[in-house]
Amino acid sequence: MTLLFVILAMITVAALIPLLRPLMRGAVAEAPRAALDLAIYKDQLAELERDRVRGILSESETSAARLEIQRRLLAAMPEGAPGEAAQARYRPMPMVAVLLIVLVPALSIGLYALLGRPGLPDAPWAARSAERPLLAENGNLDLAKVKQALEQRLATDPTSLKGWIFLAQTDGSLKDWAGAKHAWEQARGLSHDRGDVLSGLAETLVAEAGGQVTDPARALFSRAAATDPKLANARYYLGLAAAQRGDLKTAIATWQDLLKDAPPKAPWRPQVAQMVAEAQKAPSSPSKPALPGPSPTEQAAIAALPPAEQVQAIRGMVDGLAAKLAANPNDPQGWQRLGRAYRVLGENGKAADAYGHWAALAPKDPQPLVAQAAALRASHGDGGNSTAALPDDAKALYEKAYVLDPRTPDALWFLGLAAAQVHDVARAASYWRPLLSEIDPSSPSYAQVKRALDGLKS
């Protein structure tokens, strides 16, 4: 170990010596601006004389130009002896150079001793045989191969809690919501309703619903937060659920409590603070009473039920909501909630019909069209597969959403996908390139779009 530190110090000193050489012997200052101006004007006089000899300029023109250049030459002439400033030198500072040569290696070695891991074995490419089958041709991780490997491992060891969690997260990255929910349910049973697992399942329901915190998801988040009050994501989504219901007061209070308990350097603090600021700026206008939904106690009770009984409890609430909307159809939020509820129950045809009512009541909003298109895709049996052939009725809805807002991510992705499937490379790229600017570069979706774009070039 001592030998390693000596070698590192010698390498550092060797790298510093060329950089510190000016401090050891001083350096000549750059020529002042006046000296540069003098050189330029002298060149102009010589060029002027050459033009006169070649007959380009007459004697009168040459004389006038010469007088002007000489005037500028005299004005630029510095006081004192010419070239004195150019001969000035920076004073050598050998002590500073010596201190840097000593301190930089010492500090570097100290930091390495504190933070480094010199005993960590290397991982040569030849030794990483387990990783290579999971990589795509471009060297990035291929999530489809990861999913297949996890499924094979879980087939032999179905009691692996970590395996089911990894599979659920992988399916979520692939937008295979049905597979993700199944994997989370398996993990839920093995973990005995551990808070982070409940929260993971709830986040999948939110993602499947296009960012809306559905009632089943809210029930799971409530139970997760009760199980583990430190779960920041569960508390965040409970605030988001309140905001989506129009209860900004509760949302702000929930997020402010979350910020009080958050570590000072938590990466999500700025996002939550921004949500609080936006909610505080939102106008507080009286709204009509929300359609009846489960109370927090009822949500917790539903989340505690076995999956089959949960569906029955949700079914009763959905039927009641549908009856109220039949009597009062001019409620876009009600149709939105009904569509989400039908999606949770797997009744995608009814969900598409509910989203159609929502779209009719909100003709300038692209989100109802996107939600309806997603339900139609599911009703055609794509199973959440974002690369399946796009049905014509869903494509027409995405085109309408694109006309309303050309930045709609789902419309950009699926219209690009439809173009790529008929080998219209230029049109696919015209959708996918702007889509990249709408996605977080660190997200799996960004990598998916980037791979799709790269695939167009091959």
Side-chain angles (χ1 to χ4, degrees), residues 195-262 266-304 310 313-314 317-318 320-321 324-325 328 331-344 354-355 358 361-362 365 367-368 371:
D196 62 322
V197 175
L198 293 173
S199 185
L201 175 57
E203 286 189 79
T204 299
L205 298 180
V206 172
E208 183 184 32
Q212 296 294 322
V213 184
T214 61
D215 290 338
R218 183 170 46 165
L220 288 167
F221 282 130
S222 297
R223 187 167 183 185
T227 303
D228 184 358
K230 294 183 179 180
L231 279 175
N233 59 341
R235 296 168 63 183
Y236 166 78
Y237 278 106
L238 288 173
L240 183 60
Q244 290 175 349
R245 296 196 311 271
D247 187 358
L248 295 181
K249 183 177 179 181
T250 299
I252 292 171
T254 301
W255 288 331
Q256 287 178 334
D257 288 342
L258 176 58
L259 289 173
K260 289 178 183 177
D261 298 337
W268 43 264
R269 280 187 68 97
Q271 179 184 357
V272 177
Q274 182 180 358
M275 297 286 283
V276 171
E278 291 176 356
Q280 290 173 334
K281 293 178 182 177
S284 55
S285 57
S287 57
K288 58 185 175 181
L291 289 172
S295 66
T297 304
E298 292 171 331
Q299 294 174 32
I302 292 174
Q310 284 184 24
I314 296 170
M317 295 178 185
V318 171
L321 177 58
K324 289 186 176 296
L325 285 170
N328 178 27
D331 188 341
Q333 292 182 348
W335 288 110
Q336 180 187 15
R337 290 181 58 199
L338 183 61
R340 293 200 309 261
Y342 280 135
R343 286 298 305 273
V344 171
Y355 286 137
W358 176 25
L361 295 171
D365 187 354
Q367 293 309 313

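Predicted model only: the values in this text are computed from it and were never measured.
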Partners passing side chain to side chain donor-acceptor pair (under 3.5 Å) against [X] (at least two apart in sequence or in another chain):
X      : value
Asp261 : Arg235
Asp196 : Arg194
Gln274 : Glu278

Legend entry - Between CG on residue Leu198 and CG on residue Leu220, distance to nearest 0.5 Å: 6.0 Å
Inset, instruction - Output the distance between atom CG (Leu248) and atom CD1 (Ile252), rounded to the nearest 0.5 Å. - result: 6.0 Å
Inset, instruction - Take Trp255 and Tyr236 through the side-chain contact (heavy atoms from CB on, under 4.5 Å) test and state the conclusion after the steps. - result: CA-CA 6 Å; Trp255 288 331; Tyr236 166 78; 3.6 Å; yes
Inset, instruction - With sequence neighbours left out, write down each residue that passes salt bridge (charged side-chain N to carboxylate O under 4.0 Å, His left out) with Glu208, or none if nothing qualifies. - result: Lys181
Legend entry - Beyond-backbone contact of Tyr237 with Thr254, side-chain heavy atoms, under 4.5 angstrom: no
Write down the atom of [X], the atom of [Y], and the distance for their closest heavy-atom approach.
X      : Y      : result
Arg218 : Ala241 : CD-CB, 3.8 Å
Ala224 : Gly195 : CB-O, 3.4 Å
Leu231 : Ser199 : CD1-CB, 4.4 Å
Ala371 : Tyr355 : O-CD1, 3.5 Å

Legend entry - Test side chain to side chain contact (heavy atoms under 4.5 Å, CB included) applied to Ala362 - qualifying residues, sequence neighbours left out: Trp358, Asp365, Pro368
Legend entry - Ala217: partners by side chain to side chain contact (heavy atoms under 4.5 Å, CB included), with sequence neighbours left out: Ala202, Leu205, Val206, Val213, Thr214, Phe221
Inset, instruction - May I ask you to say whether Asp215 pairs ionically with Arg337, meaning some side-chain N is under 4.0 Å from a carboxylate O? - result: yes
Legend entry - Evaluation steps, side-chain contact (heavy atoms from CB on, under 4.5 Å), between Leu238 and Leu240: CA-CA 5 Å; Leu238 288 173; Leu240 183 60; over 6 Å; no
Inset, instruction - Sorted by first residue and then second, give each salt bridge (Lys or Arg N to Asp or Glu O under 4.0 Å) pair with at least one member in residues 246-256; sequence neighbours left out. - result: none
